[in-house]
> 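The structure's right below; bear with me while I get my questions together.
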There are 2 protein chains.
Amino acid sequence: MRADARRNYQLILTEAAAAFAERGLDTSLEDIARRASISIGTLYRHFPTRHALLDAVLGDRLRQLATARPQHGDADGTLTDWLGHFVAEATAYRGLAETVLAALADPDSRLHASCLAMHDTAAHLLRDAQQHGTIRSDVHIDDLLLLATALAWSAEHRPGQPADRLSNLLVDGLRRR
Amino acid sequence: MRADARRNYQLILTEAAAAFAERGLDTSLEDIARRASISIGTLYRHFPTRHALLDAVLGDRLRQLATARPQHGDADGTLTDWLGHFVAEATAYRGLAETVLAALADPDSRLHASCLAMHDTAAHLLRDAQQHGTIRSDVHIDDLLLLATALAWSAEHRPGQPADRLSNLLVDGLRRR
DNA sequence: ACCTGAACACCGTTCAAGT
DNA sequence: ACCTGAACACCGTTCAAGT
């Protein structure tokens, strides 16, 4: 890669990360190009789709979320923690919940792989919590992810605190009794 | 109101209802105007904001949702039914969950009153279910509405059936034990 | 190889000009 | 009183022309 290209690539990444954090994942791409002082055509050359840019900015975080592993020994707690991390990510980047669902449903999305990795981790944690914790055995991974994204979505609409309360409420709903 | 104006008003309403149902609440207003074969200026004259048009199309349904009243005698069941109706509305009009939250938060929205009416009904049902049912006393109406809209949002992303399952799960989470 | 910016299609919103 | 459509500002996306 040519030096100027590499520089532009980094510039776009930096400004995109800031713009996504400030204005949400649906910010104008033209605005990002302006902030990076490059042409819109250059942005498209490096990132042919919005999801490609999102993957470059958020892929690591999603994959990190994917490699999160038990630390409590407590399988229920591990699942709850994961939910909390996911929700935290979503409050940092408005629109993440929507985007994750879309990327999971679309195999052609450039974000698909990262989201799938996250999906698989969640499935793993769920299985653990069902076998060694108190989560109902009839909860399906798709239910959990839908729940997680719905929770994240609601957190996006709440600058306030009660994400944890809601989160606990929901996990309670998943428990066998 | 002049006869042509009245006719245009109705035309817009009809096409808007169809467009909202088909393409979601964020459909292009220009598209609605085109479908109604009137000028975009005329649409704006009758409905100065998108929320004004939404209120004309959906206000009745929201208010109907507001006047839903106990029928079971069972306070928990009444609350669950209400949730179900709300979710059904949201699956019929993609974007409703988001819009309702926005309208509730914005007193200047032309949808504010209709959503407030709904809010008040939900508060009433919640109180009943806390006093005569099994819902925890520490659940706040804002929690419930956030939950309801989150549930509706998730249903929008699921052409499938499991809205009821999730709904029951969530209500379970609200129960005292 | 890579960058630029014009081009096209689309939308939200306003407003002067018409009837 | 009401309607029309041009006008302006904005965006997504592509591509011919430049270096």
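Each chain gets a letter, A, B and so on, in the order the sequences are listed, and its residues count up from 1.
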> Starting at atom CG of B:Asn8, determine the distance to atom P of D:dG5, rounded to an integer number of angstrom.
12 Å
> Does a side chain donor of either B:Gln64 or B:His85 reach within less than 3.5 Å of an acceptor in the other side chain?
no
> Output the single nucleotide from C:dC11, D:dT14, C:dT13 whose closest atom is nearest the side chain of B:Ile40.
C:dT13
> Given atom CD1 of B:Ile32 and atom P of C:dC10, what is their separation to the nearest angstrom?
17 Å
> As a test of reading the structure: which of D:dA1, D:dT4, C:dC11 is closest to the side chain of B:Ile38, going by heavy atoms?
D:dT4
> Which comes earlier along DNA chain D counting from the 5' end, the contact point of A:Gly41 or that of A:Asp26, where each point is its nearest nucleotide?
A:Asp26
> Which nucleotide sits closest to the side chain of B:Ser39: D:dA1, D:dC3, D:dG5?
D:dG5
> Go through the side-chain N and O atoms of B:Asn8 and B:Thr42 and say whether any donor and acceptor fall under 3.5 Å apart.
no
> Quick one: stems involving DNA chain C, counted as three or more successive Watson-Crick or G-U pairs, both distances short of 3.5 Å.
C:4-8 with D:12-16, C:12-16 with D:4-8
> Which residues pass the ring pair (Phe, Tyr, Trp, His ring centres under 6.0 Å) test with A:Tyr9, not counting sequence neighbours?
A:His46, A:Phe47
> Taking CZ from B:Arg7 and P from D:dC3, how many angstroms apart are they, rounded to a whole number?
10 Å
> Using the closest heavy atom to pick a nucleotide of DNA chain C for each, name whichever of B:Glu30 or A:Tyr9 lands nearer the 5' end.
A:Tyr9
> Which parts of residues 43-55 of chain B get close to DNA chain D, meaning a heavy atom less than 4.0 angstrom away?
B:Arg45, B:His46
> If you pin B:Leu29 and A:Arg6 to their nearest nucleotides in DNA chain C, which one's is more 5'?
A:Arg6
